[in-house]
Amino acid sequence: MLAVRQEALSLVVAEGMGAGIVHRSIDFGTHKIVEVDLDDGTRVRAMTSSNSAWAKGALVEPGAAAFRAFRDNRLVQESRAIGARQKNRVFGHA
């Protein structure tokens, strides 16, 4: 299982086939939640700025701006963006 927080998922316009199709965009004033249907039927959500314009049916490529990977409740990998900001914090589940 892989979990990515909505605010860490980025979207770009797909070049070619695309990895997903915008299902809908929900406006929350300060930000939007964009729901994307991936090729395998999985639906993911990305948090974007309020001025983004992702139209229903648009082909997009989602990507993780930052991530942490855990195995057996132990951190095994994290992106540089996270590691640089939080070198001394301990992560895991209680």
Side-chain angles (χ1 to χ4, degrees):
M1 178 184 289
L2 175 66
V4 179
R5 294 184 60 91
Q6 298 174 141
E7 60 270 18
L9 193 63
S10 61
L11 297 176
V12 295
V13 175
E15 295 179 16
M17 295 290 291
I21 298 173
V22 173
H23 172 73
R24 70 178 171 167
S25 179
I26 306 164
D27 189 351
F28 285 96
T30 59
H31 63 280
K32 288 183 181 177
I33 301 296
V34 181
E35 294 181 346
V36 176
D37 292 331
L38 302 179
D39 290 340
D40 67 357
T42 302
R43 181 167 292 161
V44 297
R45 292 184 179 105
M47 184 182 295
T48 65
S49 67
S50 61
N51 62 356
S52 65
W54 297 104
K56 182 175 181 172
L59 296 176
V60 295
E61 294 179 6
F67 70 90
R68 287 189 186 101
F70 292 87
R71 183 176 194 159
D72 298 325
N73 292 330
R74 298 181 74 137
L75 178 66
V76 294
Q77 183 70 38
E78 71 181 357
S79 64
R80 289 184 190 170
I82 292 174
R85 287 193 318 251
Q86 302 171 351
K87 285 184 180 179
N88 297 320
R89 285 188 60 190
V90 176
F91 301 99
H93 302 285

Task: 4.5 Å side-chain heavy-atom contact, Leu11 and Val34 - done: yes

Task: ILVMFWY network linking Val44 to Phe28, side-chain heavy atoms under 4.5 angstrom - done: no

TODO: Could you tell me which residues satisfy side-chain contact (heavy atoms from CB on, under 4.5 Å) with Val12, sequence neighbours excluded, listed by chain and number?
DONE: Glu61

Task: Nearest-0.5 Å distance that lies between atom CD1 in Ile33 and atom OG1 in Thr48 - done: 7.5 Å

Open item on the list: Measuring from atom NZ of Lys32 to atom OG of Ser49, what distance do you get when rounded to the nearest 0.5 angstrom?
Closed with: 8.0 Å

Open item on the list: Give me each pair satisfying salt bridge (charged side-chain N to carboxylate O under 4.0 Å, His left out) with a member in residues 46-56, each pair once, sequence neighbours excluded.
Closed with: none

May I have the list of side-chain donor-acceptor pairs in residues 19-26 shorter than 3.5 Å, sequence neighbours left out?
| from | atom 1 | to | atom 2 | distance (Å) |
| --- | --- | --- | --- | --- |
| His23 | ND1 | Arg43 | NH2 | 3.1 |
| Arg24 | NE | Glu35 | OE1 | 2.9 |
| Arg24 | NH2 | Glu35 | OE2 | 3.4 |

Open item on the list: Given 3.5 Å as the limit, does a donor-acceptor pair link the side chain of Asp72 with the main chain of Arg74, or not?
Closed with: no

TODO: Apply side-chain contact (heavy atoms from CB on, under 4.5 Å) to Asp40 and list each qualifying residue two or more places apart in sequence or on a separate chain.
DONE: Leu38, Thr42

Task: Contacts of type side-chain contact (heavy atoms from CB on, under 4.5 Å), residue Val76, not counting sequence neighbours - done: Ala69, Arg71

